[in-house]
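Here's the structure, in structure tokens; my notes come after.
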Amino acid sequence: MKKGINIWSFPGDMKVADCIDLAVDAGFEGIELALNETGELSLASKESEIREYQKRASDAGIELTSLASGLYWTYSLTSSESHTRDKAKNIVKKQLEAAAILGVDTILVVPGAVGVDFIPDSEAVPYDKAYDLALEALSELAKEAQSVGVSIGIENVWNKFLLSPLELRDFIDKINSDYVGAYFDVGNVLYAGYPEHWISILDKRIKKVHFKDYRREAGGLSGFVDLLAGDVNYPVVVKALHAIGYDDYVIAEMIPTYKHHAKQIVYNTSGSMDAILGRK
């Protein structure tokens with residue numbers, strides 16, 4: 001498996017080019033960029049601008065692993081408002097197009113939400129309605145994904161939706177596309193399950209993997225901690241990934257970043273990943 005890091009792990013005010021340089025200096029083989037609403041690598045970015053990010057990474061000697069986006073917390077595929085759902089679908093299409101230009105094979109998509117505790121006044125969508133809306137949208141978007149040769153990775157997140165590996169597996173199978181699978185986040189399941197179980201059940205449906213760690217006794221968002229400081233049984237997780245033949249990128253997504261000397265989390269994470277992957 002190859003070692004990558006998500007751009008959200010870096011100080012929020014760092015430019016993409018500087019994040020790339022820091023990732024290289026810390027020993028990462030790949031970096032996952034993110035599509036934003038405005039600013040760098042955004043919905044308004046032109047093809048020529050997007051190509052510059054790919055060139056910058058190539059010149060620095062690092063691969064682009066995939067393309068994330070945090071926009072689905074604002075624009076949900078399961079919103080009760082049709083204009084919001086349409087906006088979300090257009091974001092997926094832009095993300096797919098940008099990923100194809102960047103030369104990456106997978107995008108991260110939040111499939112919608114029944115509810116989101118960490119967003120004040122978040123809409124509560126009936127579970128069955130959310131399921132139908134998400135299934136309809138992603139079945140439609142699967143065709144867009146296939147047309148550009150980029151997969152949609154559905155991430156398991158704290159959205160009160162697709163709450164078990166069996167449900168996520170069956171949801172993906174209903175879409176029935178080689179271009180829709182799981183973007184599996186190891187740390188996000190610790191509050192209610194075991195990542196190794198999800199890995200064996202999702203199996204070949206897993207397109208990409210996020211590494212995080214979580215301490216159950218802390219609870220809530222404060223439970224997310226540095227790699228190897230939480231309750232993820234990483235030896236068992238790595239064994240489970242090997243068992244399904246996964247040899248793609250494992251990508252650290254470090255949330256929250258450090259309050260002081262924020263760049264240090266990138267170096268600490270690189271060292272922890274070397275230990276997890278048996279490189280030292």
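Of the possible donor and acceptor atoms, one in the side chain of Ser42 sits under 3.5 Å from a partner among the backbone N and O of Gly39. Using a distance-only test at 3.5 Å, with no hydrogens or angles considered, a donor-acceptor pair links the side chain of Thr269 to the main chain of Ile265. Side chain of Arg169 to main chain of Leu202: no donor-acceptor pair is present (N/O by atom type, distance under 3.5 Å, no hydrogens or angles). One N or O on the side chain of Lys3 and one on the backbone of Gly27 form a donor-acceptor pair closer than 3.5 Å. The main-chain N or O of Val16 is never found under 3.5 Å from a side-chain atom of Tyr53 such that the two would form a donor-acceptor pair. Side-chain N or O atoms of Ser139 include none that pairs as donor or acceptor with a backbone N or O of Glu136 at under 3.5 Å. The main-chain N or O of Leu35 is found under 3.5 Å from a side-chain atom of Ser69 such that the two form a donor-acceptor pair. A donor-acceptor contact shorter than 3.5 Å links the side chain of Ser147 to the backbone of Glu144. Within the 3.5 Å criterion, the main-chain N or O of Glu40 finds a donor-acceptor partner in the side chain of Asn36.
When the side-chain hydrogen bond (donor to acceptor under 3.5 Å, both in side chains) test is applied to Tyr72, the partners found at least two apart in sequence or on another chain are Gln95. Remark: Lys143 engages no residue in a side-chain contact (heavy atoms from CB on, under 4.5 Å) (not counting sequence neighbours). For Glu63, the side-chain contact (heavy atoms from CB on, under 4.5 Å) test picks out Lys2, Tyr249, with sequence neighbours left out.
A single hydrophobic cluster is not seen to contain both Val189 and Tyr194; linkage of ILVMFWY side chains at heavy-atom distances under 4.5 Å, directly or through other members, places them apart.
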Donor-acceptor contacts under 3.5 Å from residues 208-227 side chains, at least two apart:
{"from": "Lys208", "atom 1": "NZ", "to": "Asp105", "atom 2": "OD1", "distance (Å)": "2.6"}
{"from": "Lys208", "atom 1": "NZ", "to": "Asp105", "atom 2": "OD2", "distance (Å)": "3.4"}
{"from": "Lys208", "atom 1": "NZ", "to": "Asp248", "atom 2": "OD2", "distance (Å)": "3.1"}
{"from": "His210", "atom 1": "ND1", "to": "Glu155", "atom 2": "OE2", "distance (Å)": "3.3"}
{"from": "His210", "atom 1": "ND1", "to": "Glu253", "atom 2": "OE1", "distance (Å)": "3.2"}
{"from": "His210", "atom 1": "NE2", "to": "Glu32", "atom 2": "OE1", "distance (Å)": "2.8"}
{"from": "His210", "atom 1": "NE2", "to": "Tyr183", "atom 2": "OH", "distance (Å)": "3.1"}
{"from": "Lys212", "atom 1": "NZ", "to": "Asp185", "atom 2": "OD1", "distance (Å)": "3.4"}
{"from": "Lys212", "atom 1": "NZ", "to": "Asp185", "atom 2": "OD2", "distance (Å)": "2.5"}
{"from": "Lys212", "atom 1": "NZ", "to": "Asn188", "atom 2": "OD1", "distance (Å)": "3.1"}
{"from": "Lys212", "atom 1": "NZ", "to": "Glu253", "atom 2": "OE1", "distance (Å)": "2.9"}
{"from": "Asp213", "atom 1": "OD1", "to": "Asp231", "atom 2": "N", "distance (Å)": "3.2"}
{"from": "Asp213", "atom 1": "OD1", "to": "Val232", "atom 2": "N", "distance (Å)": "3.0"}
{"from": "Asp213", "atom 1": "OD2", "to": "Leu228", "atom 2": "N", "distance (Å)": "2.9"}
{"from": "Asp213", "atom 1": "OD2", "to": "Gly230", "atom 2": "N", "distance (Å)": "3.2"}
{"from": "Tyr214", "atom 1": "OH", "to": "Gly220", "atom 2": "N", "distance (Å)": "3.1"}
{"from": "Tyr214", "atom 1": "OH", "to": "Gly220", "atom 2": "O", "distance (Å)": "3.1"}
{"from": "Arg215", "atom 1": "NE", "to": "Ala229", "atom 2": "O", "distance (Å)": "3.3"}
{"from": "Arg215", "atom 1": "NH2", "to": "Ala229", "atom 2": "O", "distance (Å)": "2.7"}
{"from": "Arg216", "atom 1": "NE", "to": "Leu190", "atom 2": "O", "distance (Å)": "2.9"}
{"from": "Ser222", "atom 1": "OG", "to": "Gly219", "atom 2": "O", "distance (Å)": "2.9"}
{"from": "Asp226", "atom 1": "OD2", "to": "Tyr258", "atom 2": "OH", "distance (Å)": "2.5"}

Check residues 113-121 and write down every donor-acceptor pair under 3.5 Å in which the side-chain atom is one partner and the other belongs to a residue at least two apart or another chain.
{"from": "Asp117", "atom 1": "OD1", "to": "Lys160", "atom 2": "NZ", "distance (Å)": "3.4"}
{"from": "Asp117", "atom 1": "OD2", "to": "Lys160", "atom 2": "NZ", "distance (Å)": "3.1"}

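With no hydrogens or angles considered, a side-chain donor-acceptor pair links Ser80 and Glu123 at under 3.5 Å.
With rounding to the nearest 0.5 Å, the separation of CG in Leu138 from NZ in Lys174 is 13.0 Å. Here the CD1 atom belonging to Ile7 is positioned 12.5 Å from the CD1 atom belonging to Ile251, to the nearest 0.5 angstrom. If you take CD1 on Ile152 and CD on Gln146, they are separated by 11.0 Å, rounding to the nearest 0.5 Å.
Looking at heavy atoms from C-beta onward, Tyr131 lies out of side-chain contact with Thr78 at the 4.5 angstrom threshold. Counting heavy atoms from C-beta on, the side chains of Leu77 and Val109 come closer than 4.5 Å. Side-chain contact between Arg205 and Asp173 is present, with heavy atoms from C-beta onward closer than 4.5 Å. The closest side-chain heavy-atom distance from Val186 to Tyr234 is below 4.5 Å. Using a 4.5 Å heavy-atom threshold, the side chains of Phe28 and Val266 count as touching.
For the pair Glu47 and Arg51, the salt-bridge criterion is met [side-chain N within less than 4.0 Å of a carboxylate O].
The shortest non-hydrogen separation linking Ala182 to Leu168 is CB-CD2, 4.2 Å.
Within 6.0 Å of the NZ atom in Lys263, the count of heavy atoms belonging to other residues, nucleotides or ligands does not exceed 12. Heavy atoms of other residues, nucleotides or ligands lying less than 6.0 angstrom from CG of Asp178 number 12 at most.
The stretch residues 19-31 participates, sequence neighbours left out, in these side-chain hydrogen bond (donor to acceptor under 3.5 Å, both in side chains) pairs: Asp21-Arg56, Asp25-Tyr267, Glu29-Arg279.
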